[in-house]
Amino acid sequence: MTTELEHLAVRLREFARARDWEQFHTPKNLVMALAGEVGELVAEFQWLTADESRSPDPDALARMRTELGDVTLYLVRLADVLGVDLVEAATAKLDDNDRRYDADLYRGSARKAPPSPRGD
């Protein structure tokens, strides 16, 4: 993990420990909380046009920022509890996508690539 993500994970760990919340921070509970927060983020975009979603008004952007913060916190906490390095996982996934989605073959296309040999 990057230093900033490591710092955030440590701070979250200490936050949970100080409140005796570690008992509730099981992977199952954290991923369910993460899904709920993603749902709240989705709700902020639900009825926007494509153009409105690119340039939300300041109030909407402030709410989106808050929801993005919640999503990030739960994702970092989940990764910490599972012992997953988020930057390493994302880099590996991007490397796989780079192999699967040749720029010349997929430029301007939203079609899916064949499944990865890893099953992703």
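All figures in this text were calculated on a predicted structure; none of them were measured in a lab.
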(message) Could you measure the distance from the CZ atom of Arg65 to the CD atom of Glu44? Nearest 0.5 Å is fine.
(response) 14.0 Å

(request) Report whether Leu75 and Val87 are members of the same hydrophobic cluster (ILVMFWY, side-chain heavy atoms less than 4.5 Å apart, transitive linking). (result) yes

(request) Please report the shortest heavy-atom distance between Leu61 and Pro56, naming the atom on each side. (result) CD1-CG, 4.0 Å

(message) Using 0.5 Å steps for rounding, measure from the CG atom of Asp80 to the CG atom of Asp85.
(response) 10.5 Å

(message) Restricting to non-hydrogen atoms, name the atom on Trp47 and the atom on Glu52 that form the minimum distance, rounded to 0.1 Å.
(response) O-OE1, 4.1 Å

(message) Donor-acceptor pair, distance only, cut-off 3.5 Å: does the side chain of Arg111 make one with the backbone of Tyr106?
(response) no

(message) Please report the interatomic distance CG(Asp59) to CE(Met64), rounded to the nearest 0.5 Å.
(response) 11.0 Å

(request) Verify the cluster assignment for Val84 and Leu8: are they in a single hydrophobic cluster under the rule of side-chain heavy atoms below 4.5 Å apart? (result) yes

(request) Go through the steps for Tyr101 and Arg107 under the test side-chain contact (heavy atoms from CB on, under 4.5 Å), then give the verdict. (result) CA-CA 9 Å; Tyr101 291 94; Arg107 183 169 288 108; over 6 Å; no

(message) Looking at every heavy atom in both Leu86 and Ala79, which two are closest together, and how far apart are they?
(response) CG-CB, 3.5 Å

(request) Give the minimum heavy-atom separation between Leu12 and Arg77, together with the two atoms involved. (result) CD1-N, 4.0 Å

(request) Report the distance from atom CD of Glu22 to atom CG of Asp20, rounding to the nearest 0.5 Å. (result) 7.5 Å

(request) Supply the atom-to-atom distance Asp96 CG to Arg99 CZ, rounded to the nearest 0.5 angstrom. (result) 5.0 Å

(message) When you measure from the centre of the six-membered ring of Phe15, is the NZ or CZ of Arg19 closer than 6.0 Å and no more than 45° off the axis?
(response) yes

(request) Working to the nearest 0.5 Å, report the span between CG of Asp57 and CZ of Arg63. (result) 6.5 Å

N/O donor-acceptor pairs under 3.5 Å from side chains in residues 66-73, not counting sequence neighbours:
residue: Thr66; atom: OG1; partner: Ala62; partner atom: O; Å: 3.2
residue: Thr72; atom: OG1; partner: Leu68; partner atom: O; Å: 2.8

(request) Find out if a path of hydrophobic residues (ILVMFWY) with successive side-chain heavy-atom gaps under 4.5 Å connects Phe24 to Tyr74. (result) no

(message) Applying a strict under-4.5 Å side-chain criterion to I, L, V, M, F, W and Y, I'd like to know whether Val76 and Leu82 cluster together.
(response) yes

(request) Test side-chain contact (heavy atoms from CB on, under 4.5 Å) on Asp98 and Leu94 and set out the steps. (result) CA-CA 6 Å; Asp98 195 35; Leu94 184 56; 5.6 Å; no

(request) State, to 0.1 Å, how close Ser53 and Leu48 come at their nearest heavy-atom pair, and which atoms those are. (result) CA-CD1, 3.9 Å

